[in-house]
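Below is one structure, written out as structure tokens; the observations come after it.
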Amino acid sequence: MAYYDSPAIVRTRSATPMTPEMSKILPYVTDKTVSRHLGSYGKSMDLGHARSYFNPAMRTVYSRYSPNDWSLSNSMNFSLSDKERSFAERLRADAWRAVKETDARTRNRQNDVTKRLGERVHDIAFWKSELNNEIGAMENEINDLKEYKQTCEKALADTANPLHIAEECLMNREKRQGIDLVNDDVEKSLIKEVDIIKRCQAKMKKVLDKAYVQLKMDRAAQHALEIDAKDKHHAQGLDDRMQQLRNGSAGVGYIPGIESIDNTMSIPESWARYTQENIARSQKERAASERLRGEIDSTLRHCANEMWNNFNSVNNSFNTRIRETTDARNKLQAHLQKTMQEIFDMERNINLLRKAILDKELPMKVAQTRLDERTRRINVELCHDPVMKSLQREVAEIRESVRILKDRLKSSELSLARLMKTKATLEHDISVKDNSLRIDSSFCMGMRKGFPMDPKVGPIFQMPIC
């Protein structure tokens, strides 16, 4: 069958296919007359005209050749037979050489194709191995990034507790009273702590958004690698099976026109470049993912250090403020004690002054009675003697003493009133200080005994990392 030389299958009764090339080589034998095969003889002689002879037996005229024509025809047939046999021998030799040559060429071509299939399988296996290695590396990177992302999410969730505590401390300190409503270092540190925690939360949210996008990019790159590796696996299996295919293998058969079908989508250069680009894309995304993991780690460490340092700073400010408030309260209590003692002494002094004023009444009565009785003297006995002068001075002195004592009493009473007011002020101030101490030491520091982080998150939220 002429399968490899002509696009159509030609079926003939001859064992040798009639190709255009063969039709040019073989002689034209459709005309069976001798003159067509006599060569130069046939060209110079025409055997188509025989002489007429009368047959008396049949009483008929017949056409007859001469003996020379008969001999010449035999000679020409002998020559034609020799010529055709010689041509056939040459043709058989050429056919045998063609068979050998085509067989060798077909066998060499098949071996070359088998070799190229082996090389192709090796190339596919190489790139498939590179793809699988990169897929494994990307899978590990995705898992690592997921772990970092989960750690960052847990850390972000756990910042809500210290933020709540800082805001609660600010709310509790709003319950301070009077003069203790001071914009002190504690309040400034708490406001700074709230600001730091919120800034840390913003940083964590930013890297979490980046991690979310990077995970999508990593999965997209991994998906492209997996599709490429899957295609490589399918192609490797197919080409490996084709490499093992032999002439005696089962399943071989004619597929007319298959050699004219070209459904290829790439050439070897673009085929290798496609896989290289997928691997390069994956490596690029892996590098970006590693940098992002480093950014997450540095962000967590920076936030942990900053929050830890500010936490200690706020606690130190609280302790300092508590000591200052305690000292002020103790001094107020000491002053209150002294004031109460002074009030007690002043009350005694007032009582003493009142008694002294009261004690001046009888001497005044005596002196005035003496003067009154001495006014009853008569005539010349009404003498302005030293006694009268002494009595007059005595009355004046007693009156002056009473005035002085009353002035002292009034001043003492005013002082006592001021002391009582001071006592009330000190007591109120002490109650204000007690309230501030209760807020700072019990409420605020009670919530800030330990660093408000979940210890399951990791050591970076339990101690500072330099």
Side-chain angles (χ1 to χ4, degrees), residues 116-159 199-243 262-304 454 456-461 465:
R116 290 180 181 274
L117 280 171
E119 293 174 352
R120 181 66 174 177
V121 170
H122 180 268
D123 292 341
I124 294 175
F126 169 77
W127 286 114
K128 178 185 172 184
S129 175
E130 293 294 319
L131 286 170
N132 288 332
N133 292 337
E134 186 61 31
I135 288 172
M138 178 58 78
E139 182 68 25
N140 295 333
E141 181 60 34
I142 289 175
N143 292 333
D144 292 341
L145 186 57
K146 282 182 180 178
E147 184 178 353
Y148 272 72
K149 180 173 174 287
Q150 291 172 357
T151 301
C152 190
E153 288 173 347
K154 190 68 169 62
L156 177 60
D158 288 334
T159 56
R199 282 194 287 110
C200 289
Q201 287 179 338
K203 291 179 181 178
M204 292 180 189
K205 289 178 181 178
K206 184 177 179 180
V207 295
L208 280 175
D209 291 339
K210 289 183 179 180
Y212 177 75
V213 174
Q214 187 60 49
L215 278 174
K216 292 181 68 175
M217 299 296 291
D218 290 349
R219 291 193 182 100
Q222 185 188 28
H223 182 65
L225 291 174
E226 289 174 347
I227 292 177
D228 198 0
K230 181 180 178 182
D231 294 344
K232 291 284 188 298
H233 178 75
H234 178 267
Q236 181 184 9
L238 191 147
D239 283 350
D240 185 63
R241 193 171 71 253
M242 292 303 101
Q243 184 191 11
D262 186 3
N263 62 343
T264 58
M265 300 177 62
S266 63
I267 59 176
E269 291 77 9
S270 62
W271 173 80
R273 186 169 60 251
Y274 175 76
T275 301
Q276 289 172 351
E277 289 175 353
N278 284 334
I279 294 176
R281 175 190 176 188
S282 176
Q283 291 174 344
K284 177 182 177 182
E285 296 301 336
R286 257 194 318 119
S289 180
E290 290 176 0
R291 289 193 298 271
L292 181 58
R293 285 195 293 115
E295 183 179 353
I296 292 174
D297 183 73
S298 62
T299 299
L300 292 180
R301 291 175 184 273
H302 174 74
C303 291
D454 189 348
K456 295 181 180 180
V457 175
I460 58 175
F461 295 107
I465 298 178

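The first residue in the sequence is number 1, and the count goes up from there.
- The number of heavy atoms from other shown groups lying within 6.0 Å of CZ (Arg116) does not exceed 12.
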Before giving the answer on side-chain contact (heavy atoms from CB on, under 4.5 Å), spell out for Cys200 and Thr159 the whole-Å C-alpha distance, their side-chain angles and the decisive distance to 0.1 Å. CA-CA 9 Å; Cys200 289; Thr159 56; 5.6 Å; no
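- Across all their heavy atoms, Asn132 and Ala229 have their closest contact at OD1-CB, 4.0 Å.
- The structure places CD of Gln222 at 11.5 Å from CZ of Arg286, a figure rounded to the nearest 0.5 Å.
- Rounded to the nearest 0.5 angstrom, Glu139 CD and Ile142 CD1 are separated by 5.5 Å.
- Under a 3.5 Å cut-off, the side chain of Ser270 and the backbone N or O of Ile267 do form a donor-acceptor pair.
- Gln236 contributes atom CD, which lies 11.0 Å from atom CG of Leu238 (distance to the nearest 0.5 angstrom).
- With sequence neighbours left out, the salt bridge (Lys or Arg N to Asp or Glu O under 4.0 Å) criterion links Arg293 to Glu141.
- Residues in residues 206-216 take part in these salt bridge (charged side-chain N to carboxylate O under 4.0 Å, His left out) pairs, two or more places apart or across chains: Lys210-Glu295.
- Here the NE2 atom belonging to His122 is positioned 14.5 Å from the CG atom belonging to Leu117, to the nearest 0.5 angstrom.
- In this structure, Arg273 has no salt bridge (Lys or Arg N to Asp or Glu O under 4.0 Å) partners at least two apart in sequence or on a different chain.
- For the salt bridge (charged side-chain N to carboxylate O under 4.0 Å, His left out) condition, the pairs that include at least one residue of residues 224-233, sequence neighbours left out, are Asp228-Lys232.
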Chi angles and distances behind the side-chain contact (heavy atoms from CB on, under 4.5 Å) call for Gln201, Leu156: CA-CA 6 Å; Gln201 287 179 338; Leu156 177 60; 3.8 Å; yes
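- Proximity of a side-chain donor or acceptor of Gln214 to a complementary backbone N or O of Glu285 within less than 3.5 Å is detected.
- Here Glu153 pairs with Lys149 under the side-chain hydrogen bond (donor to acceptor under 3.5 Å, both in side chains) rule; sequence neighbours left out.
- Not a single salt bridge (Lys or Arg N to Asp or Glu O under 4.0 Å) links Lys203 to another residue, sequence neighbours left out.
- The two atoms that bring Cys303 and Met204 nearest to each other are CB-CE, 3.9 Å, heavy atoms only.
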Step-by-step side-chain contact (heavy atoms from CB on, under 4.5 Å) determination, Trp271 to Ile124: CA-CA 10 Å; Trp271 173 80; Ile124 294 175; 3.8 Å; yes
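- Considering all non-hydrogen atoms of both residues, Leu145 and Ala211 come closest at CD2-O, 4.2 Å.
- A donor-acceptor distance shorter than 3.5 angstrom exists from the side chain of Thr151 to the backbone of Glu147, with no hydrogens or angles considered.
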Please lay out, stage by stage, how Tyr148 and Leu300 fare under the test side-chain contact (heavy atoms from CB on, under 4.5 Å). CA-CA 10 Å; Tyr148 272 72; Leu300 292 180; 5.8 Å; no
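- Atom CG of Asp144 and atom OG of Ser289 lie 8.0 Å apart (nearest 0.5 Å).
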